[in-house]
There are 2 protein chains.
Amino acid sequence: MERQGFNNKSIDRIRSICEEAGIKLTHQRLEIFKELMNATDHPSAEDIHVRLQKRIPTVALDTVYRTLATFDELGITRKLHLANKRNLFDVNLTQHHHFVCDRCRKVEDIYWPDFDKATLPETVVGIGKVRSRHLELHGLCNTCLEQNKE
Amino acid sequence: MERQGFNNKSIDRIRSICEEAGIKLTHQRLEIFKELMNATDHPSAEDIHVRLQKRIPTVALDTVYRTLATFDELGITRKLHLANKRNLFDVNLTQHHHFVCDRCRKVEDIYWPDFDKATLPETVVGIGKVRSRHLELHGLCNTCLEQNKE
DNA sequence: GTCTCTGCAAACGATTTGCACTAGT
DNA sequence: ACTAGTGCAAATCGTTTGCAGAGAC
């Protein structure tokens with residue numbers, strides 16, 4: 001369940017993914033990938049761009065957008081459409097869900113394997129074929145709960 | 001589970017909600033509320049605006065936005081932040097979840113009371129206090145599955 | 001050299017905001 | 001008359017796109 005950060009295994013993975021998809025593993029793509037792997041939060045495209053600029057000052061924001069879109073298609077990242085305005089990105093591909101603090105907007109990963117295995121209600125069959133399930137819990141994180149007491 | 005549509009009980013409800021919140025139940029607000037109650041789908045602000053124009057040709061789109069934001073604060077509607085770009089609105093306040101077709105973007109309501117009652121994993125307690133849970137199922141609706149066969 | 005990828009700037013689309021007018025109490 | 005609510009238009013903000021140059025094989 002632990003985030004691994006960026007390592008040699010990661011570089012092999014992104015290399016083979018790109019090769020398989022028939023796209024180049026460019027400097028920018030690699031660096032964006034690294035940034036994602038090292039992120040412990042759920043960064044937005046702009047977050048990634050800002051963090052990246054320390055190392056590659058010339059990188060453009062739209063390159064980040066394009067790369068993240070590519071990563072999304074390749075299944076490297078998952079786009080999160082939460083109650084914020086901006087989309088967030090998640091590299092954690094093990095099946096998991098999210099807790100969103102309605103006050104500070106912080107997003108935390110939730111693991112709930114029992115739920116992942118739970119049989120969906122029968123009515124769903126009448127609607128379509130489910131490929132993924134994503135649970136979004138809303139509430140207040142402990143930090144915000146503390147602050148509310150003050 | 002059935003959508004009720006707009007009726008006298010609804011008008012009493014919106015009237016008392018507005019009174020309690022100390023805001024006026026204006027013509028526009030009432031009509032937007034009616035439109036929401038009669039909607040069987042999950043309309044966007046623009047959808048509401050278009051539908052409304054048949055009855056109130058002068059209503060402005062931003063009034064719809066403002067009213068929907070107000071309704072959201074008052075708990076009359078729930079904003080849906082799905083993988084579409086535009087936010088959708090949902091008047092159905094009985095606890096329910098959503099199935100989103102990744103192809104046609106259609107949104108269907110899912111009821112799963114057993115899940116609503118299920119105890120959340122313990123790790124969540126360490127993160128914060130959960131006030132609501134929303135499950136988003138993704139996949140292909142039966143209509144799109146049919147079309148894919150062709 | 002070809003062809004993808006990138007950077008730049010402009011475009012875009014949903015939503016928000018400032019302001020003056022309107023309408024209900 | 002006072003004040004919330006509205007319509008209009010302009011602004012905003014995240015994201016996308018067209019195009020020409022850059023870089024990889």
Side-chain angles (χ1 to χ4, degrees), chain A residues 14-15 17-35 42-53 55-74 76-90 105 107, chain B residues 14-15 17-35 42-53 55-74 76-90 105 107:
Chain A
I14 184 74
R15 179 157 286 143
I17 289 174
C18 284
E19 203 166 332
E20 206 168 316
I23 63 164
K24 292 176 190 164
L25 178 56
T26 61
H27 183 50
Q28 287 88 334
R29 282 181 182 153
L30 181 59
E31 291 302 318
I32 290 168
F33 180 73
K34 276 189 194 173
E35 207 56 62
H42 299 78
S44 66
E46 208 181 335
D47 291 335
I48 296 285
H49 183 232
V50 170
R51 294 172 198 180
L52 216 53
Q53 278 183 319
R55 285 184 283 131
I56 321 175
T58 56
V59 74
L61 177 56
D62 65 78
T63 302
V64 177
Y65 273 109
R66 271 191 268 235
T67 305
L68 289 171
T70 308
F71 284 179
D72 210 49
E73 279 166 35
L74 299 178
I76 297 170
T77 57
R78 167 155 71 135
K79 233 181 184 166
L80 300 182
H81 309 269
L82 305 179
N84 301 327
K85 244 190 272 180
R86 27 194 8 168
N87 291 327
L88 305 182
F89 294 85
D90 193 342
R105 295 269 144 242
V107 181
Chain B
I14 183 74
R15 179 156 287 143
I17 289 173
C18 284
E19 203 165 333
E20 206 169 317
I23 63 165
K24 291 177 191 165
L25 178 56
T26 61
H27 182 50
Q28 286 88 333
R29 284 184 181 151
L30 180 59
E31 291 302 318
I32 290 169
F33 180 72
K34 277 188 193 173
E35 209 55 62
H42 299 79
S44 66
E46 207 180 339
D47 290 336
I48 296 284
H49 183 232
V50 170
R51 293 173 199 180
L52 216 53
Q53 279 182 320
R55 285 183 285 132
I56 322 177
T58 56
V59 75
L61 177 57
D62 64 78
T63 302
V64 177
Y65 274 109
R66 272 191 267 236
T67 305
L68 289 171
T70 308
F71 284 179
D72 211 50
E73 280 167 34
L74 299 179
I76 296 169
T77 57
R78 167 154 70 137
K79 234 180 184 168
L80 300 181
H81 308 269
L82 306 179
N84 302 325
K85 243 190 273 180
R86 33 202 350 180
N87 291 327
L88 305 181
F89 294 85
D90 193 344
R105 296 268 143 241
V107 180

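Model, not experiment: these values are computed from the prediction. Heavy-atom basis, side chains included; hydrogens, waters and symmetry copies ignored. Below, chain A is the first sequence line, B the second, and so on; all start at residue 1.
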inquiry  = Quick one, A:Asp47 with A:His42, criterion side-chain contact (heavy atoms from CB on, under 4.5 Å). Give me CA distance, side-chain angles, the key distance, then yes/no.
reply    = CA-CA 9 Å; A:Asp47 291 335; A:His42 299 78; over 6 Å; no
Base versus backbone protein contacts along nucleotides 4-16 of chain D [heavy-atom cut-off under 4.0 Å; B, S, -] = SSSBBB----SBB
Just distance, no hydrogens or angles: give the donor-acceptor pairs under 3.5 Å from side chains in residues 57-71 of chain A, sequence neighbours left out.
from    : atom 1 : to      : atom 2 : distance (Å)
A:Asp62 : OD1    : A:Arg66 : NH2    : 2.6
A:Thr67 : OG1    : A:Thr63 : O      : 2.6
A:Thr70 : OG1    : A:Arg66 : O      : 2.8

request  = Quick one: do A:Lys34 and A:Glu31 satisfy side-chain contact (heavy atoms from CB on, under 4.5 Å)? Show the steps, please.
outcome  = CA-CA 5 Å; A:Lys34 276 189 194 173; A:Glu31 291 302 318; 3.2 Å; yes
query = Is there a donor-acceptor pair closer than 3.5 Å between any side-chain N or O of B:Asp72 and the backbone N or O of B:Lys79?
reply = yes
inquiry  = With heavy atoms of chain B within less than 4.0 Å as the criterion, where does contact along DNA chain C begin and end?
reply    = C:dA14 to C:dG18
task = I would like to know whether B:Ser44 and B:Ile48 meet side-chain contact (heavy atoms from CB on, under 4.5 Å); could you show each step before the answer?
result = CA-CA 6 Å; B:Ser44 66; B:Ile48 296 284; over 6 Å; no
query = So with a 6.0 Å cut-off around CZ of A:Arg15, is the heavy-atom count from everything else above 12?
reply = no
query = Within a radius of less than 6.0 Å around CD of B:Gln53, do more than 12 heavy atoms belonging to other residues, nucleotides or ligands occur?
reply = yes
